[in-house]
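Just follow the structure's listing: the first ligand is 1, and inside any ligand the first atom is 1. Residues: numbered from 1 along the sequence shown.
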Amino acid sequence: MTPSIAKLTFVLLAIGWYAIRFEHARRSRRLPVRHNARDVRENTLLLISLSGLGILPLLYIATAFPRFADYPFRPVQAWLGVAFAVAALVLFQMTHRALGRNWSVTLELRQDHKLITSGIYRKIRHPMYTAFWLWAIAQACLLPNWVAGFAGIVGFGTLFFGRVGREEQMMLETFGDDYRQYMSKTYRVIPLIF
Ligand code: SAH
């Protein structure tokens, strides 16, 4: 394991992620949106998350900026990053498959939106966000730079904590008791813990 292979792993993670999302986004975009809670706050959160998970780490890989925040590379840490990256991709694919067309990049509901409570959604309410957390942890392990490495945790963390309550509120308003019951039987992102 070398720093270059670790960086390449991050780039492959980003490409794999995009490939999975592109396919599903294309299909769900065909269904009209019937409820849209997207606003300035939601767009800002999306931008912060994109900067932390994508723009900053890719800038670091391309230019080594910001060099002052580098710390020594440790192969074991990078191998751990590879494991988290693989887990993130597998989980991301599973969540997209389970949600099917009932997906949107933001707080939206589509026509005939169905509440998904099976498969990977049986025990966790936000497994796609779990996959994003895994990406953020993989990034911190793969990039030995305090800024570029941890930007994902900070960036996605901001989106997650700023959005998850509103998303659940939107689901409660739409699906009522079905979602309330579903909430009582599930964890948010990590089974048995949170
Ligand atoms: N929070 C989920 C989904 C993220 S995508 C996860 O982490 O897995 C965000 C959109 O998915 C929301 O706008 C909502 O429309 C939809 N959504 C969230 N949970 C859902 C569920 N259990 N069933 C169907 N759609 C859901």
[X], any N or O under 3.5 Å of ligand 1 N or O:
{"X": "Leu109", "answer": "no"}
{"X": "Trp103", "answer": "no"}
{"X": "Tyr121", "answer": "yes"}
{"X": "Leu107", "answer": "no"}
{"X": "Tyr179", "answer": "no"}
{"X": "Arg163", "answer": "no"}
{"X": "Tyr129", "answer": "yes"}

Side-chain donor/acceptor of [X] to backbone N/O of [Y], under 3.5 Å:
{"X": "Gln139", "Y": "Leu134", "answer": "no"}
{"X": "Asp177", "Y": "Arg180", "answer": "no"}
{"X": "Arg38", "Y": "Leu107", "answer": "no"}
{"X": "Asn102", "Y": "Ile116", "answer": "no"}

Which residue holds the protein heavy atom closest to [atom], what is that atom called, and what is the gap in Å?
{"atom": "atom 25 (N) of ligand 1", "value": "His113 NE2, 2.9 Å"}
{"atom": "atom 15 (O) of ligand 1", "value": "Glu108 O, 2.5 Å"}
{"atom": "atom 18 (C) of ligand 1", "value": "Glu167 OE2, 3.1 Å"}
{"atom": "atom 24 (C) of ligand 1", "value": "Lys114 O, 3.1 Å"}
{"atom": "atom 9 (C) of ligand 1", "value": "Ser104 O, 3.5 Å"}
{"atom": "atom 23 (N) of ligand 1", "value": "Ile116 N, 2.8 Å"}
{"atom": "atom 11 (O) of ligand 1", "value": "Asn102 O, 4.0 Å"}
{"atom": "atom 17 (N) of ligand 1", "value": "Met171 CE, 3.9 Å"}

>> Among Lys123, Arg122, Arg125, His126, which residue satisfies the side-chain hydrogen bond (donor to acceptor under 3.5 Å, both in side chains) criterion with Thr186?
In response: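 Of the listed residues Lys123, Arg122, Arg125, His126, the side-chain hydrogen bond (donor to acceptor under 3.5 Å, both in side chains) partner of Thr186 is Arg125.
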>> Walk me through whether Asp39 and Arg166 qualify under salt bridge (charged side-chain N to carboxylate O under 4.0 Å, His left out).
In response: CA-CA 12 Å; Asp39 52 16; Arg166 289 181 84 197; 2.8 Å; yes
>> Once salt bridge (charged side-chain N to carboxylate O under 4.0 Å, His left out) is applied, do any residues pair with Arg26, and if so which ones, sequence neighbours excluded?
In response: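 Arg26 satisfies salt bridge (charged side-chain N to carboxylate O under 4.0 Å, His left out) with Glu23 only.
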>> Does Arg163 form a side-chain contact (heavy atoms from CB on, under 4.5 Å) with Leu46? I'd like the steps, not just the answer.
In response: CA-CA 10 Å; Arg163 181 200 264 184; Leu46 276 168; 3.7 Å; yes
> Looking at the rings of Trp133 and Phe156, which for Trp means the six-membered one, are their centres under 6.0 Å apart?
Replying inline: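 Centroid separation for Trp133 and Phe156: below 6.0 Å.
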> Tell me, which pairs form a ring pair (Phe, Tyr, Trp, His ring centres under 6.0 Å) where one or both residues lie in residues 71-99, sequence neighbours left out?
Replying inline: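 Applying ring pair (Phe, Tyr, Trp, His ring centres under 6.0 Å) to every pair that reaches into residues 71-99, excluding sequence neighbours, yields Trp17-Phe92, His24-His96, Tyr71-Trp146, Phe92-His96, Phe92-Phe132, His96-Trp103.
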>> Is the contact between Thr106 and ligand 1 made by the side chain, the backbone, both, or neither, using heavy atoms and a 4.0 Å cut-off?
In response: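 Contact part for Thr106 vs ligand 1: backbone (N, CA, C, O).
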>> Measuring from non-hydrogen atoms of Met170 to any atom of ligand 1, is the shortest distance under 4.0 Å?
In response: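 Flag set, Met170 near ligand 1.
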> Would you call Thr95 a ligand 1 contact, heavy-atom distance under 4.0 Å?
Replying inline: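 No heavy atom of Thr95 comes that close to ligand 1.
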